[in-house]
**Student:** 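Dropping the structure in here first, questions after.
Please read these numbers as outputs of a predicted model, since none were measured by experiment. Just so you know, these numbers use all the heavy atoms, side chains as well, and skip hydrogens, waters and symmetry mates.
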Amino acid sequence: MALTNGQKAFFEDNGYLPYERVLSDDELVQLRQRSEDIIAGRVDHIPERYVQFEATFRDEQDPGQDRLDQVRKMTHLCYFDDLFEAVARKPDIVDVIEDLLGPNIKFYCDQLMMKPRFNGTVTHWHQDSVAWPQFAPQNHVSCWVALDDATVENGCMTVLPGSHKWGPIERRCKQAFLESSRVPEPVPVEVKAGHCMFHHGLNFHRTGANPTPNRRRGLALHYIPSESLYLGARDEENRMTMECGKSPGEFRFMLIRGQEFEGCV
Ligand SMILES: O=C(O)CCC(=O)C(=O)O
């Protein structure tokens with residue numbers, strides 16, 4: 001067991017867990033460098049469709065600014081890049097996932113949230129499971145690994161403790177839920193570079209803008225039990241999010257630990 005009983009109880013009560021260091025200084029240097037190489041086009045193993053610019057730069061990039069300062073996120077790196085895949089498979093992380101999800105674990109996707117300096121915009125309150133409803137049961141856990149120090153000033157994650165216990169809240173009802181007097185006080189979770197936090201797929205969270213001159217990259221790794229059913233994508237955008245193969249339209253989720261099951265993800 002990687003977690004103490006106290007840590008496990010904290011996660012069960014609050015739906016998130018600030019955790020310890022999982023990346024060394026060397027690994028941080030390599031991962032930051034790789035993210036910069038991908039964006040600068042020095043390597044070309046990541047399909048363009050998995051690189052998304054901040055809205056201001058989506059139609060037209062600003063040649064006067066570093067490309068790195070214009071990218072909002074890159075996804076599916078763990079399916080295409082050995083360094084990022086190694087993070088998804090790190091025993092320090094997967095041992096915790098096993099404590100929270102059980103012994104049979106699949107990986108469904110990752111997002112390197114770039115939150116670029118000066119230009120990084122807000123990610124609004126959401127529950128990951130509502131954005132990705134195609135797994136049943138809706139039981140998934142994410143590990144968010146900081147590649148730079150994530151602070152309140154540069155847009156660290158803020159969570160609503162215990163909100164995972166409310167179940168999935170439909171998008172059209174979200175505002176009413178957030179304005180309700182029963183909603184818990186938001187808690188910002190600052191994470192030092194190389195450290196991580198875990199959150200439940202139903203936990204409400206958001207991240208702020210990044211107006212600072214400091215980068216705030218965070219790698220979100222999303223795990224599900226191998227026993228989950230895959231029900232198909234909700235719409236075109238969602239289908240894109242779920243693709244994980246070498247070619248468009250492939251949905252072969254990566255086995256991380258334990259076994260696979262016939263008819264499941
Ligand atoms: O890092 C961010 O800006 C957003 C992260 C997020 O929403 C997530 O990991 O689910």
Side-chain angles (χ1 to χ4, degrees), residues 1-3 7-8 11-12 14-17 19 22 50 73-81 84-113 123 126-145 157 159 163-171 196-205 218-235 237-246 249-265:
M1 226 170 93
L3 297 179
Q7 285 172 313
K8 211 165 166 188
F11 184 87
E12 277 158 14
N14 294 287
Y16 76 100
L17 179 71
Y19 198 62
V22 290
Y50 294 137
K73 66 176 168 186
M74 294 193 281
T75 64
H76 301 79
L77 300 185
C78 299
Y79 281 98
F80 290 87
D81 185 281
F84 282 95
E85 179 180 349
V87 182
R89 293 188 178 280
K90 255 186 173 269
D92 286 354
I93 294 175
V94 181
D95 287 350
V96 175
I97 298 291
E98 180 168 347
D99 283 352
L100 300 174
L101 283 184
N104 303 309
I105 303 167
K106 281 215 161 179
F107 184 76
Y108 74 98
C109 78
D110 54 277
Q111 301 159 302
L112 179 56
M113 305 299 299
T123 297
H126 65 280
Q127 295 168 296
D128 293 342
S129 295
V130 170
W132 292 317
Q134 57 276 74
F135 299 112
Q138 285 203 334
N139 181 24
H140 80 247
V141 172
S142 302
C143 176
W144 192 96
V145 189
M157 199 179 288
V159 298
S163 53
H164 62 303
K165 294 188 184 156
W166 294 87
I169 308 282
E170 260 192 66
R171 281 166 195 234
C196 70
M197 65 175 285
F198 292 86
H199 67 267
H200 188 281
L202 287 169
N203 188 267
F204 265 98
H205 55 283
L219 179 64
L221 305 163
H222 306 287
Y223 299 88
I224 43 178
S226 300
E227 294 89 339
S228 313
L229 295 183
Y230 176 58
L231 307 173
R234 188 187 55 222
D235 53 35
E237 188 191 335
N238 181 243
R239 191 185 65 72
M240 248 285 287
T241 316
M242 299 316 303
E243 279 177 4
C244 54
K246 300 274 178 226
E250 249 185 75
F251 302 92
R252 285 217 315 273
F253 304 104
M254 192 154 67
L255 181 66
I256 295 287
R257 188 172 280 181
Q259 62 181 110
E260 307 190 87
F261 297 92
E262 184 64 34
C264 298
V265 286

**Student:** Without swapping roles, check the side chain of Tyr50 against the backbone of Gln111 for a donor-acceptor pair under 3.5 Å.
**Tutor:**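 Pair absent, no side-chain N/O of Tyr50 close to backbone of Gln111.
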**Student:** Between Tyr16 and Phe11, does the ring centroid distance fall short of 6.0 Å?
**Tutor:** no
**Student:** Has Tyr108 got a side-chain atom pairing as donor or acceptor with His140's backbone, closer than 3.5 angstrom?
**Tutor:**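 No, the answer is negative, given that no donor and acceptor are paired below the 3.5 Å cut-off.
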**Student:** Tell me whether Gln138 contacts the main-chain N or O of Leu202 through its side chain, where contact means a donor paired with an acceptor under 3.5 Å.
**Tutor:**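 Pair absent, no side-chain N/O of Gln138 close to backbone of Leu202.
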**Student:** Can you see whether Asn104 engages Glu227 through a side-chain donor-acceptor pair at a distance of less than 3.5 angstrom?
**Tutor:** yes
**Student:** Tell me whether Asp110 contacts the main-chain N or O of Thr75 through its side chain, where contact means a donor paired with an acceptor under 3.5 Å.
**Tutor:**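 No.
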**Student:** Are Phe253 and Tyr230 near enough that their ring centres are under 6.0 Å apart?
**Tutor:**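 Distance test on ring centres: under 6.0 Å, yes.
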**Student:** Under 3.5 Å, is there a donor-acceptor pair between the side chain of Lys106 and the main chain of Pro225?
**Tutor:**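 Side chain of Lys106 to backbone of Pro225: no pair is present.
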**Student:** Would you say the side-chain atoms of Ser163 pair up with the backbone N or O of Phe204, donor to acceptor, closer than 3.5 Å?
**Tutor:** yes
**Student:** So do the side chains of Ile97 and Phe198 get within less than 4.5 Å of each other, counting heavy atoms only?
**Tutor:** yes
**Student:** Just to verify, what does Glu12 make a side-chain hydrogen bond (donor to acceptor under 3.5 Å, both in side chains) with, not counting sequence neighbours?
**Tutor:**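 Partners of Glu12 under the side-chain hydrogen bond (donor to acceptor under 3.5 Å, both in side chains) test: none.
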**Student:** Give a yes or no on whether the backbone of Asn14 and the side-chain of Asn203 come within a donor-acceptor separation of less than 3.5 Å.
**Tutor:** yes
**Student:** When rounded to the nearest 0.5 angstrom, what is the spacing between CE in Met74 and CG in Leu112?
**Tutor:**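 Nearest 0.5 Å value for the CE-CG distance: 5.0 Å.
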**Student:** Could you check whether any side-chain N or O of Asp99 sits under 3.5 Å from a backbone N or O of Leu3, counting only pairs where one atom can act as donor and the other as acceptor?
**Tutor:** yes
**Student:** Between Trp132 and His222, is the ring centre distance below 6.0 Å?
**Tutor:**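 Yes, they do, as the ring centres are separated by less than 6.0 Å.
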**Student:** Taking only residues two or more places apart in sequence, or in another chain, which ones meet His200 in a ring pair (Phe, Tyr, Trp, His ring centres under 6.0 Å)?
**Tutor:**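 By the ring pair (Phe, Tyr, Trp, His ring centres under 6.0 Å) rule, His200 matches His164.
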**Student:** Just how far is it from atom CZ of Phe84 to atom CG of Leu219, taken to the nearest 0.5 Å?
**Tutor:** 6.0 Å
**Student:** Checking Glu98 now: which residues fulfil side-chain hydrogen bond (donor to acceptor under 3.5 Å, both in side chains) with it, not counting sequence neighbours?
**Tutor:**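 Listed in chain order: Arg257.
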**Student:** With a 4.5 Å limit on heavy-atom distance, are the side chains of Gln127 and Ile169 in contact?
**Tutor:** yes
**Student:** On a heavy-atom basis, which atom in Ile256 and which in Arg89 lie closest, and how many Å separate them?
**Tutor:** CA-NH1, 3.7 Å
